[in-house]
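For the numbers below, each heavy atom of this structure counts, side chains included, while hydrogens, waters and symmetry mates do not. Letters A, B, ... are given to chains in the order of the sequence lines, protein chains preceding strands, and every chain is numbered from 1. All figures in this text were calculated on a predicted structure; none of them were measured in a lab.
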Protein chains: 2
Amino acid sequence: MGRPIVRLKDVADKTGFSVNTVSLALRGSPRIPEDTAIRIRDAARDLNYMPNQVAKSLVSRETKTIGLVLTDITNPALTQAAQSIELALAERGYSTLFATSNNDLDEEKRVIAMFQSRQVDGMLIYPRSHRELDHIRQLRRAHYPVVLLVADPDAGVDAVSVDERRGAYRAVRHLIEMGHKRIGIIDSSNPMGNHEKRDGYVAALTEAGLSPDPTLSADPQGHSVIRGYWAMDKLMRLADRPSAVFTANDSLALGALRWTQKNGLQVPEDVAIVGFDNIEFAEHAATPLTSVNYEIRLVTDLAVARLIELIGTEGALPEPNVTLIDPELIVRESTQRRL
Amino acid sequence: MGRPIVRLKDVADKTGFSVNTVSLALRGSPRIPEDTAIRIRDAARDLNYMPNQVAKSLVSRETKTIGLVLTDITNPALTQAAQSIELALAERGYSTLFATSNNDLDEEKRVIAMFQSRQVDGMLIYPRSHRELDHIRQLRRAHYPVVLLVADPDAGVDAVSVDERRGAYRAVRHLIEMGHKRIGIIDSSNPMGNHEKRDGYVAALTEAGLSPDPTLSADPQGHSVIRGYWAMDKLMRLADRPSAVFTANDSLALGALRWTQKNGLQVPEDVAIVGFDNIEFAEHAATPLTSVNYEIRLVTDLAVARLIELIGTEGALPEPNVTLIDPELIVRESTQRRL
DNA sequence: ACGCAGCGTATTAACGATCATACAACGTCA
DNA sequence: TGACGTTGTATGATCGTTAATACGCTGCGT
């Protein structure tokens, strides 16, 4: 708020050159002779001149800033993503404006509008819902560079994402191979939400001739450990309870694991548990968790690369491209006791 | 990059009014009659006009943006902080520019300079080191609003932080009260780093007439679970090993806990473990962890409030103020078996 | 000696918004 | 009737930077 600012004009006054000459000199223009440039640079250093990026952006029409929209950064998978996105962007000279939608669609829209108003050069969005993307498609139609961090192949917007459907499929398939027939799922069941994982779960069951049992599904209403605990509680209190449970992320899985401890059940003997995202705490849990793993850096690097590509495009944007990263299953003791 | 932008001028052309009238109308000036304002607002909506914050900032000399500098957002305590800072700032109409220093001092300096260049209205900084703050004090001297998120009372810069020294003291004191005499510590031992926790540890021991044994100290060289595992390994391989271990954060504590599991030791009977930050995973660990807890929202809310206050200050900044939040110890089974 | 190129630097006009001020048109009142 | 206020809108300067262009000088070729 009205802090003193050293401007080109101040350097100009000090050296006796015009503003423009100073500007050129500081940017290393060949039109300025070496000794002039040195004098100007010295003066700039003495005054501790720092270019005003705001003014620069107004002229250049780019802010070298991208907007990152996450639902909630405390989700460990998103934390990792945020970290490596910031890194990848910084390496390319971009800053990261960051905001969370708190899983609220209106909030997501507000944040996106705010970023537009702030003239971000592009956005990386982890949308609240894979189904409600109209506001984002609209952005794209206005030639605004956007890349989603989770999506299905026909999103109509550029996206780079782990193939959640396939990951879930692999996880459940592994459970089936281990002989499980009653396999529960802990995942959001909001029809407007993201049901890739649920789809993969159903696909694996169906393929094996098992029919999905709706009573074996629990909606945790969140992604924290305690949510997983209570969802597990719901499943395990069933008369005909599951012998294995697939959870949508590792925090939930740790909650489920905790439930088994408190209730004196053995994992994997009494019930097997599979998580998703392979966070650090999964590997080092009381019973190391089998989990769906993927290179988060790969996802974020590709997303950033695509975004930069879109930003560099003159005129109309190319057709949207959706890249799905193939995840692998890391099998640990929570599904298969070591021999 | 050269995307089409709807400007005030476009709305002006469409309605036939001047740019200024449009600007006044959209900002709800009482000088513009209602019917004119309605016509202008309708036109603005039709054109999907969004004010250009960059241009606005150039005039108003404020960006309504603050810079958040973290060492590493994957540290769960910092993730929580980042989340609640973003929220607190958004509530007050500020956006968050976010960058990580990756625990590198030069990188920290670079990031701070970049934020200055981008004209952020203020900065919240989690510094790499509590001892090397000269570059930040310099900022303050230039009347730049800065609030640190961790510091000691005589930092010479505004700060709001949990009182790490006191938290560590409480934790170690609790161990002493439980009868432990050989108490290990897993914490960075970099002399230029942050030794508040180590100070508290030493203070508690000394007060109890115990002399700190340097062999009972392990530097994990990081904050991840696996680091805690190996640091614990070092301590527990000692001939005269500790009966209790204090760790600088919960991830390290979870690693230590994991070591005991793998090596068939009982917690707390064979060795007690205390963590710091009371993250979600601590409460739900195989053996629920005793941990130093504090209201992170309180820290961030106070830090944000102070920052906004500094931003609102005309002229010279007030004397720096350091607020230390008093943490509490949550005792769980990792130090005291439930009766 | 004249024209012209090149060089170094200055001038002017943007960028999109806001702010202070100017100025018509109209109404009011002595 | 004319001085004065009010109302509604327009003009011009400004924020700090960059880009395009202008301009004065020197040195060269012919």
Side chains of B:H130 and B:E164, heavy atoms from C-beta outward: is any pair under 4.5 Å? yes

* Asked: So, A:E86 and B:T100: side-chain donor and acceptor under 3.5 Å apart, yes or no?
  -> yes

Of B:F17 and A:R27, the one whose closest nucleotide on DNA chain D sits nearer the 5' end is B:F17

Discussion item. Any base atoms under 4.0 Å from A:T36, or only sugar-phosphate, or nothing? Heavy atoms, all strands.
Written reply: sugar-phosphate

Here the distance between atom P of D:dT17 and atom CG of A:L24, to the nearest Å, is 13 Å

Looking only at N and O atoms, is any donor in the side chain of A:R31 or the base of C:dT9 less than 3.5 Å from an acceptor on the other one? yes

To the nearest angstrom, the CD-P distance between A:Q119 and C:dC15 comes to 14 Å

| message | Looking only at side-chain N and O atoms, does B:N321 offer a donor or acceptor that is under 3.5 Å from a partner on B:T323? | response | yes

Do A:N20 and A:S18 get their side chains close enough for a donor-acceptor pair, meaning under 3.5 Å? no

Looking only at C:dC15, D:dT9, C:dA17, the nucleotide nearest the A:R61 side chain is C:dC15

Checking all strands, does A:R7 fall into the base, sugar-phosphate, or nothing category for heavy-atom contacts under 4.0 angstrom?
sugar-phosphate

Residue pairs passing the side-chain hydrogen bond (donor to acceptor under 3.5 Å, both in side chains) test with at least one member in residues 146-156 of chain A, sequence neighbours excluded, are A:R131-A:D152

Test side chain to side chain contact (heavy atoms under 4.5 Å, CB included), reference A:M123, set A:L148, A:L139, A:I136, A:V147, output is A:L139

In whole angstroms, the gap separating C1' of C:dA13 from NZ of B:K9 amounts to 15 Å

Would A:S23 and A:R27 count as having a side-chain donor-acceptor pair, cut-off 3.5 Å? yes

Between CG of A:L8 and P of C:dT11 the distance, given in whole Å, is 15 Å

In short, the helix from C:dA1-D:dT30 to C:dA30-D:dT1 is bent end to end, axes from five pairs each side, to 10°, by 70°

Rounded to whole Å, NZ of A:K56 lies from P of C:dG16 at a distance of 18 Å

Rounded to whole Å, the CG-P distance (B:L26 to D:dT9) equals 14 Å

What about A:N20, does its side chain sit under 3.5 Å from the base of C:dT11 through a donor-acceptor pair? yes

To the nearest angstrom, the CD-C1' distance between A:Q53 and D:dT18 comes to 13 Å

Closest to the side chain of B:L58, out of C:dA10, D:dT17, C:dG16, is C:dG16

Sorted by position of nearest nucleotide on DNA chain C, 5' first, the leading residue of B:V54 and A:T21 is A:T21

Closest to the side chain of A:V59, out of D:dT11, C:dA14, C:dG16, is C:dA14

note: A:K64, atom NZ; D:dT17, atom P; distance rounded to Å ~ 19 Å

Report task. May I ask you to decide if B:V54's main-chain N or O and B:N52's side chain share a donor-acceptor pair within less than 3.5 Å? Result -> yes

- Task: Kindly say if A:S23 contacts the phosphate of D:dT18, meaning a side-chain N or O under 4.0 Å from OP1 or OP2.
- Result: yes

